[in-house]
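Beneath this line is the structure, given in structure tokens, with notes to follow.
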Amino acid sequence: EWIAVIRGWHGCHSDELKHIIEHGFPRKTQLDSGEADQGFCFKGSAKAAAEQAGPDGCVLMCYVILRHPIPTIIDDQTSE
């Protein structure tokens, strides 16, 4: 089994930031349906995460441990 560590960017509303800092991101068992588009995601660039967060949002740079990743959308990948 392989494990990869990547840098990912997460965009969120500013009111969610305190909860993420204090409690971390939710575990998969805490998400409603476990679908790929539910819960949280990480982007390949800060710009894409900022667009997701909106004008009053925050962008977090995170190191993400991948064991069984969902395929990446190529449009999110940049050379930044």
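Remember, it's a predicted structure, so these values are computed and weren't measured experimentally.
The backbone N or O of Cys41 sits less than 3.5 Å from a side-chain atom of His10, completing a donor-acceptor pair.
Rounded to the nearest 0.5 angstrom, Arg7 CZ and Lys43 NZ are separated by 16.0 Å. Taken to the nearest 0.5 Å, the CD atom of Glu51 stands 14.0 Å off from the CH2 atom of Trp9.
Each salt bridge (Lys or Arg N to Asp or Glu O under 4.0 Å) pair with one or both residues in residues 56-66, not counting sequence neighbours, would appear here, but there are none.
Across every non-hydrogen atom of Cys58 and Ala53, the tightest pair is O-CB, 3.5 Å. When all heavy atoms of Ile20 and Cys12 are compared, the pair lying nearest together is CD1-SG, 4.0 Å.
In this structure the side chain of Ile21 never reaches within 4.5 angstrom of the side chain of Leu60, judged on heavy atoms.
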